[in-house]
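As structure tokens, the structure follows; a few thoughts come after it.
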Amino acid sequence: MSDQGAERQSSDEPPSSGGRRLSEGQQSPEGQQSPEERRTPQGVSPYPRQRRAATVQEAKALAHPLRVRILRLCAQREMTNKQLADRLGSDPGTVFYHVRQLVQAGLLHQAPVRTGESGALEKPYRSTGLSWWLNDPLAGEGPEASFAPIQAFQEELREAGPDSVRASSRFMLHLSPEEIEELNLRILAILDEYIETDDQRLDRPAYGGMIILHRLAE
């Protein structure tokens with residue numbers, strides 16, 4: 001499953017109209033088509049959106065927990081290298097190394113230069129949102145790489161504290177490989193719609209999340 005949680009990201013995909021969804025067979029008021037009906041034949045859902053394979057550079061950039069955390073922080077707001085280092089409790093030189101890896105991979109970009117509180121010019125960074133639209137980018141990076149987003153999420157949750165949790169579900173399912181794929185696509189379909197319309201909800205609190213499906217030990 002893709003790693004994005006509920007992170008707000010800009011998308012290179014066509015923007016969603018953000019209209020309310022109609023149930024199957026339901027017609028729009030006054031005979032008008034809903035935005036979803038207008039953009040898809042016979043009301044077929046456009047979700048999940050098509051994804052592409054990650055490049056080698058993109059995959060390697062996403063295989064480190066500190067870089068995953070930097071992407072999440074820079075998706076919430078534009079942040080400078082110093083702000084990132086302070087927030088992450090890391091050395092500025094180390095953070096800048098990881099920032100460069102993300103910029104070179106096209107996952108992070110430098111925002112316009114701004115004037116900081118001290119009056120000095122600052123160079124902030126912003127997430128491009130590209131990582132959400134990559135298809136299983138860590139698949140070829142080895143088993144340990146799959147723990148990078150999990151470790152990053154654990155650190156984010158620990159920083160936010162137990163009072164930050166708003167919903168959780170723990171489950172066990174017996175699934176075939178085909179059923180796992182179907183479940184993943186159905187979850188992505190819901191999340192894609194929320195991701196594409198998130199710019200309509202920027203006045204609301206930001207929430208993060210992660211969905212993990214793993215094989216249980218025998």
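What you see is a predicted model; the values in this text were computed from it and never measured. Excluded from the calculations below are hydrogen atoms, water molecules and symmetry mates; all remaining heavy atoms, backbone and side chain alike, are included.
Cluster annotation: Val103 is not connected to Tyr97 through the hydrophobic network of ILVMFWY side chains, with a link wherever side-chain heavy atoms come within less than 4.5 Å. Two different hydrophobic clusters hold Leu185 and Met210 under the rule that ILVMFWY side chains link at heavy-atom gaps under 4.5 Å. Using a 4.5 Å cut-off between side-chain heavy atoms of Ile, Leu, Val, Met, Phe, Trp and Tyr, with links allowed through other members, Ile180 and Ile211 fall into the same hydrophobic cluster.
Atom CZ of Phe96 is separated from atom NZ of Lys82 by 15.5 Å, given to the nearest 0.5 angstrom. Note that NE2 of His98 and NE2 of His64 are 4.0 Å apart. Values are rounded to the nearest 0.5 Å. In this structure, the separation between CZ on Arg49 and CG on Leu188 is 13.0 Å, given to the nearest 0.5 Å. Taking CG of Asn184 as the start and CD of Glu179 as the end, the distance is 13.5 Å to the nearest 0.5 Å. To the nearest 0.5 Å, the span separating CG on Leu108 from CD on Gln101 amounts to 11.5 Å. Here Gln57 contributes atom CD and Leu102 contributes atom CG; the two are 10.0 Å apart, rounded to the nearest 0.5 Å.
The salt bridge (charged side-chain N to carboxylate O under 4.0 Å, His left out) analysis of residues 95-120, with sequence neighbours excluded, yields the pairs Arg114-Glu122. Sorted by first and then second residue, the pairs that involve residues 208-218 and meet salt bridge (charged side-chain N to carboxylate O under 4.0 Å, His left out), not counting sequence neighbours, are Arg215-Glu218.
Counting heavy-atom neighbours within 6.0 Å of Arg201 CZ, excluding the residue itself, gives a total above 12.
Of all non-hydrogen atoms in Ala63 and Ala145, the two that sit nearest each other are CB-CB, 4.0 Å. Scanning both residues, Pro65 and Ala152, for their nearest heavy atoms gives O-CB, 3.6 Å. In terms of heavy atoms, Ala85 sits closest to Val95 at CA-CG2, 3.8 Å. What you find for Ala59 and Ala54 is that their closest heavy atoms are N-CB, 4.3 Å. The two atoms that bring Gly208 and Arg72 nearest to each other are CA-NH1, 3.8 Å, heavy atoms only.
Between the side chain of Thr128 and the backbone N or O of Gly106 there is at least one donor-acceptor pair closer than 3.5 Å.
Here Leu216 is tied into one hydrophobic group with Met172, each link being a pair of ILVMFWY side chains closer than 4.5 Å.
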- Apply side chain to side chain contact (heavy atoms under 4.5 Å, CB included) to Tyr194 and Asp198, showing your working. CA-CA 6 Å; Tyr194 274 89; Asp198 198 51; over 6 Å; no
- Take Leu62 and Leu71, measure what side chain to side chain contact (heavy atoms under 4.5 Å, CB included) needs, and give me the verdict at the end. CA-CA 9 Å; Leu62 292 169; Leu71 280 181; 3.5 Å; yes
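Looking at heavy atoms from C-beta onward, Pro149 lies in side-chain contact with Leu138 at the 4.5 angstrom threshold. By the 4.5 Å heavy-atom criterion applied to side chains, Leu130 and Glu58 are counted as neighbours. Annotation: side chain of Arg52 is in contact with side chain of Leu134 (closest heavy-atom distance under 4.5 Å). Annotation: side chain of Leu107 is not in contact with side chain of Arg67 (no heavy-atom distance under 4.5 Å). The shortest side-chain heavy-atom distance between Cys74 and Leu84 falls under the 4.5 Å cut-off. Counting only heavy atoms from C-beta outward, the side chains of Ile70 and Leu88 approach each other to under 4.5 Å.
With sequence neighbours excluded, the residues that form a side chain to side chain contact (heavy atoms under 4.5 Å, CB included) with Val113 are Gln110, Leu121, Lys123. With sequence neighbours left out, Phe147 forms a side chain to side chain contact (heavy atoms under 4.5 Å, CB included) with Ile150.
Using modelled atom types and a 3.5 Å distance limit, the side chains of Asp192 and Trp133 yield no donor-acceptor pair.
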For residues 157-168, which side-chain donor-acceptor pairs fall under 3.5 Å, sequence neighbours excluded?
{"from": "Glu159", "atom 1": "OE1", "to": "Arg69", "atom 2": "NH2", "distance (Å)": "3.0"}
{"from": "Glu159", "atom 1": "OE1", "to": "Arg87", "atom 2": "NH2", "distance (Å)": "3.4"}
{"from": "Glu159", "atom 1": "OE2", "to": "Arg87", "atom 2": "NE", "distance (Å)": "2.8"}
{"from": "Ser164", "atom 1": "OG", "to": "Gly161", "atom 2": "O", "distance (Å)": "2.6"}
{"from": "Arg166", "atom 1": "NH1", "to": "Asp163", "atom 2": "O", "distance (Å)": "2.6"}
{"from": "Arg166", "atom 1": "NH1", "to": "Ser164", "atom 2": "O", "distance (Å)": "3.4"}

